[in-house]
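Keep in mind that this is a model prediction, so the values were computed, not measured.
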Amino acid sequence: MQDQVRQDLAAMMAKEEMYQTQQQTLFAAAARVEQTFAQTTSFPGWSQFTSNDFAAFLSLEQQAGKQATELRNLLTSLDQFGGVLQDAQITADNPFDLANLFMIYLTSERQLSQATSTGYHNDLKMIRQFLEEQGEWQGWLTVDRLDMERYLAHQNQLHRARTTISRELASLRNFFDFLLSNHLVDDNPFTEIHLKTHPRDLPRYFYEPEMKALFKAADGQGRPLDFRNRAILELLYATGMRVSECSSLKQEQINWDLSLILIHGKGDKERYVPFGQYAKKAVKNYLTNCRTPLMAKYGQHHDFLFINHYGKPITSTGIEYILNRVIQVSSVNSDIHPHMLRHSFATAMLDNGADIRTVQELLGHASLSTTQIYTHVTRENLQKSYEKYFPRAKNDHEDK
């Protein structure tokens, strides 16, 4: 380690009241990293050191057959050393945070979206921050069930939503499964911690008159971008796809002859979803009256189906903004959200006789239990079914 860097870090440690023996432990751990890189390639320097470098270092240490206890102690020291690097502004964040390795695993191996991986990471940051503020932080490898119970109690005191707390617990559980699979812990202490579940709220959806009002509002004044807005609305309602799936949709994924779309869903899973004549007509009108002239005007060349007003691929945020604007100018005045289009699609399918397995496939749900929340029906359909199938529902079945 360069003398100046060592001096700066030693001064930082002294300011934080780290004792000399502790400083020596951390410097020894850092020296181990520098030595390992010197034996293979070259050490990039602490200011350039990243979590990917840490992943490479950990892989080499495991291949070398280092004892589990020795490796865990080393990783705990490196996590603390990484915090010092961050505090001294030598690195932007802690490159030795095991949560960063989890992020790499989620995006590269499990191929989760960046948004999903970031969600996991933010949950872990919240848990770590709480333990640090409580003075209980000794590294991820020492976090135990008691730590999590304290965190859950704190979250309850703040009246955090149960769904939020449950998600954070699931993030920690998945993270420790990752550590367990890499032999960094002996067990997952959070496997058996489960929150008491409350009944899920039924998904809210648009009724048919509300959908007609939305389509009318989307038509606007017949300007080029109004054709786009109508096409987005029609396609989301016709397929039940997620907003994120719509924004990433390319023309090559559409089979016009069969009226099928190949959707790239969560976790890089693919599914085919049909679409009807209303959506087909709206999308083709959009291609002719909006996409083609805008792409030519701004010299854009790409295959993404939906574009912004500069001809560039539209983002999920952009689609949500468009839908919110359509909702605002429509006669629909309840508290609504763009995701309700997906709920509306599922509800319409089930109310008109589709079986739940089909709806599960069309929505791209991994679990049937996720789809089952849509099995509610309108009061009108309930009444019709009762009158049709229950023998004593009508007057002509009364006892004579």
Side-chain angles (χ1 to χ4, degrees), residues 197 199-216 218 230-249 253-284 305-306 316 319-320 323 326-327 330 332 334 336-391 393:
T197 57
R200 293 180 63 182
D201 293 332
L202 291 178
R204 298 183 61 192
Y205 58 95
F206 295 112
Y207 291 92
E208 188 62 28
E210 292 176 316
M211 286 305 309
K212 289 181 179 178
L214 292 177
F215 287 131
K216 182 179 179 180
R230 176 67 185 251
I232 289 175
L233 189 65
E234 287 278 9
L235 201 59
L236 286 174
Y237 183 54
T239 63
M241 71 172 71
R242 302 174 179 91
V243 169
S244 59
E245 295 168 343
C246 184
S247 66
S248 63
L249 187 64
Q253 295 170 235
I254 303 176
N255 186 318
W256 294 103
D257 294 332
L258 298 178
S259 295
L260 285 175
I261 299 177
L262 175 61
I263 297 177
H264 302 308
K266 286 185 175 181
D268 209 28
K269 295 179 180 178
E270 296 183 341
R271 68 186 189 278
Y272 281 100
V273 175
F275 60 98
Q277 292 301 315
Y278 286 98
K280 178 182 287 188
K281 180 181 178 181
V283 173
K284 288 200 170 183
L305 178 61
F306 290 113
S316 296
I319 291 180
E320 289 185 0
L323 295 176
V326 169
I327 289 168
S330 73
V332 179
S334 59
I336 52 184
H337 185 273
H339 201 68
M340 287 171 62
L341 288 169
R342 182 167 161 86
H343 298 330
S344 302
F345 165 78
T347 304
M349 289 289 296
L350 290 169
D351 278 356
N352 286 283
D355 67 271
I356 193 170
R357 292 283 183 184
T358 298
V359 177
Q360 177 193 4
E361 179 68 22
L362 292 174
L363 291 175
H365 286 161
S367 171
L368 184 63
S369 62
T370 307
T371 316
Q372 284 174 334
I373 198 170
Y374 291 107
T375 54
H376 65 292
V377 293
T378 63
R379 290 181 180 179
E380 181 182 358
N381 282 348
L382 262 178
Q383 187 66 32
K384 286 180 179 179
S385 296
Y386 179 78
E387 292 177 354
K388 181 178 181 180
Y389 295 112
F390 186 61

J.: Within a strict 4.5 Å, meaning less than it, do heavy atoms of the M241 and I261 side chains meet?
T.: yes
J.: Keeping S344 on the side-chain end and F206 on the backbone end, is there a donor-acceptor pair under 3.5 Å?
T.: yes
J.: Please list, chain by chain and in numerical order, all residues satisfying ring pair (Phe, Tyr, Trp, His ring centres under 6.0 Å) with H365, sequence neighbours excluded.
T.: none
J.: Return all side-chain donor-acceptor pairs below 3.5 angstrom for residues 275-283, not counting sequence neighbours, or 'none' if the list is empty.
T.:
| from | atom 1 | to | atom 2 | distance (Å) |
| --- | --- | --- | --- | --- |
| K280 | NZ | W256 | O | 3.1 |
| K280 | NZ | S259 | OG | 2.9 |

J.: Looking at residues at least two apart in the chain, or sitting in another chain, which of them share a side chain to side chain contact (heavy atoms under 4.5 Å, CB included) with D257?
T.: N255
J.: Are the side chain of R271 and the backbone N or O of L362 linked by a donor-acceptor pair below 3.5 Å?
T.: yes
J.: CG of L350 to OG1 of T358: how many Å apart, nearest 0.5 Å?
T.: 9.5 Å
J.: Give, for atom CD1 of I254 and atom NZ of K284, the distance between the pair rounded to the nearest 0.5 Å.
T.: 10.0 Å
J.: Report the C-alpha distance between Y272 and L258 in whole Å, list the side-chain angles of each, state the deciding distance to 0.1 Å, and finish with yes or no for side chain to side chain contact (heavy atoms under 4.5 Å, CB included).
T.: CA-CA 11 Å; Y272 281 100; L258 298 178; over 6 Å; no
J.: Check ring pair (Phe, Tyr, Trp, His ring centres under 6.0 Å) between F345 and all other residues, then give those that pass, not counting sequence neighbours.
T.: none
J.: Is the ring pair Y207/Y205 parallel, tilted or perpendicular, if the boundaries are 30 and 60 degrees?
T.: tilted
J.: Looking at every heavy atom in both A366 and K269, which two are closest together, and how far apart are they?
T.: CB-NZ, 3.8 Å
J.: Do you know which two heavy atoms are closest between M211 and L341, and how far apart they sit?
T.: CE-CD2, 3.8 Å
J.: Determine the minimum heavy-atom distance between A218 and V326, stating which atoms define it.
T.: N-CG1, 3.9 Å
J.: Once rounded to the nearest 0.5 Å, what's the spacing between atom CG of L214 and atom CE of M340?
T.: 9.0 Å
J.: To the nearest 0.5 Å, tell me how far D355 CG sits from M349 CE.
T.: 8.5 Å
J.: Can you confirm whether the side chains of S316 and S247 place a donor and an acceptor under 3.5 Å from each other?
T.: yes
J.: Of the non-hydrogen atoms in L323 and I232, which two are nearest, and what is the gap between them?
T.: CD2-CG2, 4.3 Å
J.: Taking only residues two or more places apart in sequence or in another chain, which ones pass side-chain hydrogen bond (donor to acceptor under 3.5 Å, both in side chains) with H264?
T.: E270
J.: For residues L249 and L235, report the shortest heavy-atom separation together with the two atoms involved.
T.: CD2-CD2, 3.8 Å
J.: So which atom in N352 and which in A348 form the shortest heavy-atom distance, rounded to 0.1 Å?
T.: ND2-O, 2.7 Å
J.: I'd like to check the side-chain hydrogen bond (donor to acceptor under 3.5 Å, both in side chains) partners of Q253; sequence neighbours left out, ordered by chain and number.
T.: none
